[in-house]
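Some notes on the structure that comes next.
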Amino acid sequence: MRVLVIGGGAREHAICRAVYESGAELYAFMKNANPGIKRLAKDYFLHDETDAEKVLEYALKKKIDLAIIGPEAPEEAGVANLLAKHDIKVASPTKEAAEIETNKEFMRHLMEKYNIKGSVKCKAFSSVEMAKEFIEMLDGEVAIKPLGLTGGKGVRVAGDHFNTIEEAVEYAKEVIEKGIGKHHKVLIEEKVVGEEFTLQAFCDGSTIYPMPAVQDHKRLLPGDKGPNTGGMGSYSHKSGLLPFMTADDYEEAATILQKIIEALRKEKREYKGVIYGQFMLTTDGVRVIEINARFGDPEAMNVLPLLTTNFVDICMSMIEGTLSRKKISFARKSTVCKYVVPNGYGIKPKAGEEIRVDEEAIKREGGLLFYASVNEKDGKIYTTTSRSLAVVGIADEIEDAENICEKCLKHVSGNIFIRHDIGKKELIEKRIKHMEMLRG
Ligand code: AMP
Ligand code: GLY
């Protein structure tokens with residue numbers, strides 16, 4: 001089986017590793033030469049991942065049987081549609097199905113139309129005046145979002161990123177006028193309060209198979225301060241739940257994903273591939289923050305290494321619509337993933353700096369290393385402006401997984417930044433207390 005993975009980040013490195021371990025022959029199409037993927041792949045091609053024609057050309061040349069798309073941008077560009085048209089199997093959604101991520105207004109409308117529980121009060125505007133009225137109606141307790149893709153960095157939330165109605169309106173105006181996220185429109189949502197978690201699921205168009213829940217850390221700085229980033233690190237617990245959530249919360253989130261899949265099917269946008277729900281656990285249940293049409297980054301690195309079922313077989317099941325008959329299992333282990341980013345990341349990142357990585361030592365400590373956006377030159381690794389690499393520790397308890405992760409990180413040095421508080425007891429206890437306080 002010849003499998004093509006599109007994308008070159010740490011998430012894709014984790015996907016490539018799972019494909020490789022499934023016994024398939026791996027091919028990669030990425031814009032940056034990911035040093036980890038390069039080594040696993042039989043062959044790779046460096047080019048813009050949203051160039052669907054080029055992806056097709058490469059896939060045909062390499063006689064690819066199955067393609068998996070990592071990031072959302074190539075999905076939006078219709079890469080899955082074009083490959084499928086040429087009889088290449090694709091374990092990722094079409095452009096139409098991926099609109100669940102690429103157009104936030106579409107996602108909210110779909111949930112409303114099909115009466116799916118868990119949405120928030122929200123409205124999209126192209127007029128600053130009308131946006132202002134809505135912000136005022138919600139007393140400034142809002143989240144302001146560009147409609148399209150911004151790599152998780154375009155969202156601003158009351159209390160976190162601005163404090164007054166004037167500041168809120170100012171940012172809404174900026175989103176509309178600059179066309180951030182490509183649409184000249186802004187989505188204003190009611191701000192919801194609680195603890196966030198991610199639930200990813202395999203999906204074959206009608207059935208979902210949910211994976212262990214993960215908690216990501218979007219904020220740049222320790223203690224959840226600073227701007228939103230693509231994600232600084234994440235953890236999961238061996239139970240499949242998180243320390244602050246119940247089995248009912250998990251079920252509620254899984255039901256929302258299942259209903260979204262059913263709604264997409266009714267809209268003739270059949271969804272095949274991994275679906276990702278970002279949820280807020282609130283005092284009145286689980287609320288949807290966003291839906292993504294792919295694995296999460298970093299969350300893929302928490303769940304894929306635990307998969308004990310052949311990943312390529314699962315991909316085939318998603319495509320064939322036979323997921324309900326498939327037995328899927330994950331090792332009952334806890335995981336902690338921390339990203340290494342260039343100093344200044346999220347504000348003014350230092351690109352082109354050397355990072356020293358002792359891969360052998362990381363292996364000896366029992367951790368996993370996933371490369372993200374770095375350049376390799378003469379055997380040396382250099383930063384770009386994006387996240388550089390991630391390290392994952394796996395053990396029975398979160399505490400031990402965190403320890404392994406930290407031991408491994410000692411073997412990475414340079415002008416780098418790491419959120420060391422991720423997965424630490426202190427932060428996890430803060431989350432448990434926060435939820436207890438909210439729930440009374
Ligand atoms: P998103 O890119 O939509 O995931 O948003 C980035 C981050 O902003 C989320 O991870 C949340 O922490 C926060 N956020 C987004 N929407 C809301 C909301 N409606 N209420 C509170 N926080 C939000
Ligand atoms: N971890 C956030 C995302 O993948 O969108």
Side-chain angles (χ1 to χ4, degrees), residues 7 9-12 14-15 69-73 75 98 100-105 107-108 111 118-124 134-135 138 140-162 168 171 175 180-181 186-200 213-220 224-236 274-284 286-304 337-339 346 372 386-387 390 419 422 431 434 438:
R11 164 185 49 210
E12 287 76 27
I15 294 171
I69 305 170
E72 59 278 19
E75 288 178 349
I100 199 69
E101 166 168 7
T102 59
N103 182 349
K104 289 181 198 269
E105 189 182 21
M107 183 270 281
R108 294 295 179 193
M111 289 189 73
S119 201
V120 295
K121 272 187 223 132
C122 66
K123 224 170 159 163
F134 195 68
I135 292 170
L138 292 170
E141 287 302 303
V142 293
I144 302 180
K145 309 184 174 189
L147 284 194
L149 300 178
T150 57
K153 293 163 204 117
V155 177
R156 290 196 195 162
V157 182
D160 291 346
H161 308 102
F162 58 86
Y171 184 55
V175 172
I180 299 176
V186 67
L187 185 70
I188 312 284
E189 290 182 0
E190 144 202 23
K191 176 189 172 179
V192 287
V193 179
E195 276 300 323
E196 267 183 279
F197 67 93
T198 300
L199 187 64
Q200 303 167 100
V214 182
Q215 190 173 43
D216 181 19
H217 297 69
K218 293 231 181 197
R219 304 291 291 273
L220 177 67
D224 297 320
K225 303 271 191 305
N228 275 329
T229 67
M232 295 298 292
S234 47
Y235 68 92
S236 67
V274 169
I275 188 159
Y276 165 118
Q278 179 82 33
F279 298 98
M280 187 80 85
L281 187 53
T282 73
T283 45
D284 38 59
V286 165
R287 302 297 195 89
V288 173
I289 297 292
E290 65 173 353
I291 302 292
N292 291 334
R294 51 174 172 81
F295 271 114
D297 187 350
E299 294 96 325
M301 294 180 276
N302 298 92
V303 296
L304 278 172
C337 170
K338 299 192 198 195
Y339 252 113
S386 302
R387 295 174 292 184
R419 247 193 85 171
I422 293 168
R431 308 237 188 266
H434 183 211
L438 288 175

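Counting starts at 1 for both ligands and their atoms, following the listed order.
With Asn228, Val192, Val193 as candidates, the residue nearest to atom 20 (N) of ligand 1 on a non-hydrogen basis is Val192.
Residue contacts with ligand 2, taken as heavy atom pairs separated by less than 4.0 Å, involve Asn292 solely via side-chain atoms from C-beta onward. For Gln278, no heavy-atom contact with ligand 2 is shorter than 4.0 Å.
No side-chain N or O of Asp216 forms a donor-acceptor pair with one of Thr198 less than 3.5 Å apart. Between the side chains of Tyr235 and Gln215, at least one donor N or O lies within less than 3.5 Å of an accepting N or O.
Considering both main-chain and side-chain atoms, Lys191 never comes within under 3.5 Å of ligand 1 through any nitrogen or oxygen pair. No N or O atom of Met280 sits closer than 3.5 Å to an N or O atom of ligand 1.
Close contacts of ligand 1 with Ala143, meaning ligand atoms under 4.0 Å from a residue heavy atom, involve 16 (N), 17 (C), 18 (C), 19 (N). Near Glu190, the atoms of ligand 1 lying under 4.0 angstrom from a non-hydrogen atom of the residue are 18 (C), 19 (N), 20 (N). Atoms of ligand 1 found under 4.0 Å from any heavy atom of Glu196 (numbered from 1 in listed order, with element): 9 (C), 10 (O), 11 (C), 12 (O). Listed by number with element, the atoms of ligand 2 under 4.0 Å from a non-hydrogen atom of Arg294 are 3 (C), 4 (O), 5 (O). Atoms of ligand 2 lying under 4.0 Å from any heavy atom of Asp216, numbered from 1 in the order shown and given with element: 1 (N), 2 (C).
Heavy-atom separations between Arg219 and ligand 1 are all 4.0 Å or longer.
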